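Notes to accompany the following structure.
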Amino acid sequence: DRALVAEDLKRMYETHNEGDWKAHFERFKRNWAKFYPEIIRSWERDFDKLTVYLRYPYSLRSFIYTTNSLERFIKEVKRRAKVIEVFPDKVSVDKIVYLVVDEMNERYERKKLKNFEKVIEALRELRRARYGEEKIRIITKEEKIHTQFS
């Protein structure tokens, strides 16, 4: 049922407002509660967390609710840890995670998200509304390196 459940969930994610989301969820619940009651209980229990993305402009939502980057990160940490097999202490595990994060940060600094230019102004508006018109101070690579090794 994985593909069918995913298709129904996708309808919820693609809605424009909370009312439509709830209507799609009710449909989802009617279709799947009998087979997967725990999924329904989980969604009802965590409704506020699962619908946070609805507070953002529609053009930003897919960047929020997709987990591709996180999944890639976890896969990369597992790949690196697998070859080591035994870690002498927690610090050595932390080092692997840190190195993967650092490498991915460098890679993603150069990578442009698909259609991100269409949503950058919406993000700026959200930031202005939340924090005002103050300029954001951007940390340079040199400052970042200094901070990491201080």
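This structure is a prediction, so every number in the text was calculated from the model and none was measured.
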For the pair Arg72 and Glu76, evaluate salt bridge (Lys or Arg N to Asp or Glu O under 4.0 Å) and give the outcome as yes or no after the intermediate values. CA-CA 6 Å; Arg72 178 71 192 121; Glu76 188 62 22; 3.0 Å; yes
Evaluate Glu121 against Arg124 for salt bridge (Lys or Arg N to Asp or Glu O under 4.0 Å), listing each step before the verdict. CA-CA 5 Å; Glu121 194 51 43; Arg124 287 183 178 133; 3.7 Å; yes
Just to verify, which of Leu126, Val119, Leu123 counts as forming a side chain to side chain contact (heavy atoms under 4.5 Å, CB included) with Pro57?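 Going through Leu126, Val119, Leu123 one by one, the side chain to side chain contact (heavy atoms under 4.5 Å, CB included) with Pro57 is satisfied by Leu126 alone.
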Given side-chain contact (heavy atoms from CB on, under 4.5 Å), test Ile84 with Phe87 step by step and report yes or no. CA-CA 7 Å; Ile84 295 173; Phe87 290 94; 3.8 Å; yes
When rounded to the nearest 0.5 angstrom, what distance separates [atom1] in [X] from [atom2] in [Y]?
X: Arg45; Y: Leu50; atom1: CZ; atom2: CG; result: 9.5 Å
X: Tyr53; Y: Arg61; atom1: OH; atom2: CZ; result: 7.0 Å
X: Arg107; Y: Met104; atom1: CZ; atom2: CE; result: 5.5 Å

Taking NZ, NE, NH1 and NH2 as the nitrogens, is one of them in [X] or [Y] under 4.0 Å from a carboxylate oxygen of the other?
X: Glu18; Y: Lys22; value: yes
X: Glu38; Y: Arg41; value: yes
X: Glu125; Y: Arg130; value: no
X: Glu71; Y: Lys75; value: no

Are the ring centres of Phe47 and Trp21 closer than 6.0 Å?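 Aromatic pair counts; centres sit under 6.0 Å.
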Thr51/Leu54 under side-chain contact (heavy atoms from CB on, under 4.5 Å): CA gap, chis, key distance, verdict: CA-CA 6 Å; Thr51 57; Leu54 291 172; 3.7 Å; yes
Mind checking whether Phe25 and Phe28 have parallel, tilted or perpendicular rings, split at 30° and 60°?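 If you compare the ring of Phe25 with that of Phe28, the planes turn out parallel.
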